[in-house]
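Take a look at the structure set out below.
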2 protein chains.
Amino acid sequence: MVDNNAGHTIGQLRRGVVDHCVLALLKKGEGYGFDLAKTLAHAQLIAGEGTIYPLLSRLRREGLVDTQWRESDQGPPRRYYVLTESGEAALENFRSQWARFKQSVDTVMGLPEEDSHVE
Amino acid sequence: MVDNNAGHTIGQLRRGVVDHCVLALLKKGEGYGFDLAKTLAHAQLIAGEGTIYPLLSRLRREGLVDTQWRESDQGPPRRYYVLTESGEAALENFRSQWARFKQSVDTVMGLPEEDSHVE
DNA sequence: AAATGGTACCTTATTATGCATGGTATCGTC
DNA sequence: GACGATACCATGCATAATAAGGTACCATTT
């Protein structure tokens, strides 16, 4: 109940990043919600599964991902997500924004700027 | 009126970062709102002055900064902000979180992980 | 076949915070 | 004394992560 300031900080950091992380994961190959949630939770990029489904709905609503139900060999059926062209474009767009943003923060923070070469 | 998705994305990115950027700037020396706003706007870390004052109020309320009114040679009086010990601690705390967070995102994004040496 | 636990999905309310907008006061200059 | 620039502050809004709770399916065990 009592929120650590630390935990809260990271929570705000994740804003506007998690969705594009999903896109990045989907670029590597199709995935379904529960699995994406586990991956992102392991990377400490989300706190629990409660985050992933509204997020995926949003991505679908915005046309950045496509979905298809599919039966699973072991377990309940899953809704698989794949990146659309629009989603790939959004991902690329985010990549450059992320690089610039990162550098801005690092500069203000007084961290050394590494030469971030994105090819 | 019509919000670019691009512009909006960056807006969400700034969440939870801007306040600590202010702390970082104040670590380099005292400052006042209008000037901080200009610096951060130049670094594209805020959109305008509208952001800085509620933010500074929050920092003051949380005891991360101290303030003092002071007359100015040229212009109206200013409210100068200085970092408290609590603020320095929060900044240090954020630094490590930022490093970890950055790396997590870069990893998921498929970017090369630079060796982030935190001493 | 009924109960259990894990997988998988979804919805709702809460909360934090960047942003736009508009307002007030001071100073120097004309 | 009017104007613009500086400097500060408050209000309302939209966004998105989170917590919490709920539904349904599947495999295993009894």
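These figures come from a predicted structure and were not determined experimentally. Labels below follow one simple rule: chain letters A, B, ... track the order of the sequence lines, proteins then strands, and each chain is numbered from 1.
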Quiz item: Which atoms form the tightest heavy-atom contact between B:Ala37 and B:Ile46, and what is the distance?
Solution: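 Reported closest heavy-atom pair: O-CD1, 3.6 Å.
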Practice problem: Compare every heavy atom of A:Met109 with every heavy atom of B:His20, then report the nearest pair and how far apart it is. | Solution: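 Minimum heavy-atom separation between B:His20 and A:Met109: O-CE, 3.3 Å.
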Quiz item: So what does B:Gly16 touch, heavy atoms closer than 4.0 Å: a base, only the sugar-phosphate, or nothing?
Solution: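 Sugar-phosphate only.
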Practice problem: Just call it for A:Pro54: base, sugar-phosphate, or nothing, with non-hydrogen atoms closer than 4.0 Å on any strand. | Solution: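 The residue A:Pro54 makes base contact.
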Exercise. For B:Ser57 and for A:Val17, find the nucleotide of DNA chain D with the closest heavy atom, then tell me which residue's nucleotide is more 5'.
Key: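 Comparing both residues, the 5'-ward one is B:Ser57.
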Quiz prompt | Residue met sooner reading DNA chain D from 5', once A:Glu49 and B:Gly75 are mapped to nucleotides | solution =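 Nearest nucleotide further toward 5': that of B:Gly75.
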Tell me: [atom1] of [X] to [atom2] of [N], nearest whole Å?
X: A:Gln74; N: C:dA8; atom1: CD; atom2: P; value: 10 Å
X: B:Ile52; N: D:dA7; atom1: CD1; atom2: P; value: 14 Å
X: B:Leu55; N: D:dC8; atom1: CG; atom2: P; value: 14 Å
X: A:His20; N: D:dA17; atom1: NE2; atom2: P; value: 10 Å
X: A:Asp73; N: D:dC26; atom1: CG; atom2: C1'; value: 12 Å
X: A:Glu71; N: D:dA27; atom1: CD; atom2: C1'; value: 15 Å
X: B:Ile10; N: C:dG18; atom1: CD1; atom2: C1'; value: 12 Å
X: B:Arg58; N: C:dT15; atom1: CZ; atom2: P; value: 16 Å

Between [options], which one does the side chain of [X] approach most closely?
X: B:Phe34; options: D:dT18, C:dC10, D:dC8; answer: D:dC8
X: A:Val18; options: C:dA8, C:dA20, D:dA17; answer: D:dA17
X: A:Ile46; options: D:dT18, D:dC9, C:dC9; answer: D:dT18
X: A:Tyr53; options: C:dC9, D:dT6, C:dC19; answer: C:dC9
X: B:Pro76; options: C:dA16, D:dA7, C:dT11; answer: D:dA7

Practice problem: Compare side-chain N and O positions of B:Arg78 against OP1 and OP2 of C:dT26 and report whether any pair is under 4.0 Å apart. | Solution: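 No, no such contact exists.
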Quiz item: Is any side-chain N or O of A:Tyr32 closer than 4.0 Å to OP1 or OP2 of C:dA8?
Solution: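 Yes, A:Tyr32 has a side-chain N/O under 4.0 Å of OP1/OP2 on C:dA8.
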Self-check item: More than 12 heavy atoms of other groups within 6.0 Å of B:Glu92 CD
Solution: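 Correct, the count exceeds 12.
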Exercise. Would you indicate whether the side-chain heavy atoms of B:Leu40 and B:Leu25 approach each other to under 4.5 Å?
Key: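 They are in contact (side-chain heavy atoms under 4.5 Å apart), so the answer is yes.
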Self-check item: Close side-chain approach of A:Arg14 to A:Ile10, heavy-atom, < 4.5 Å
Solution: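 Yes - at least one pair of side-chain heavy atoms lies under 4.5 Å apart.
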Quiz item: Does A:Arg15 make a side-chain donor-acceptor contact with the base of D:dA16, cut-off 3.5 Å?
Solution: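 For A:Arg15, whose side chain was compared with the base of D:dA16, there is a donor-acceptor pair (under 3.5 Å).
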Practice problem: Go through the steps for B:Trp69 and B:Tyr32 under the test side chain to side chain contact (heavy atoms under 4.5 Å, CB included), then give the verdict. | Solution: CA-CA 10 Å; B:Trp69 277 100; B:Tyr32 58 99; over 6 Å; no
Quiz item: Can you check whether B:Arg78's main-chain N or O pairs, donor with acceptor, with B:Ser72's side chain at less than 3.5 Å?
Solution: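 Side chain of B:Ser72 to backbone of B:Arg78, a donor-acceptor pair under 3.5 Å: no, none is there.
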Practice problem: Assign the ring pair B:Phe101 / B:Trp98 to parallel, tilted or perpendicular, where the plane angle (0 to 90°) is split at 30° and 60°. | Solution: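 Tilted, since the angle between the ring planes falls between 30° and 60°.
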Quiz item: Using the C1' atoms of the five pairs at each end, what is the angle between the end axes of the helix from C:dA1-D:dT30 to C:dT15-D:dA16, to 10°?
Solution: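 Taking the rotation axis at each end, their angle is 10°.
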Exercise. Would you kindly compare A:Ser72 and A:Gly50 by the position of their nearest DNA chain C nucleotide and give the one closer to the 5′ end?
Key: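 Going by which nucleotide is closer to the 5' end, it is A:Ser72.
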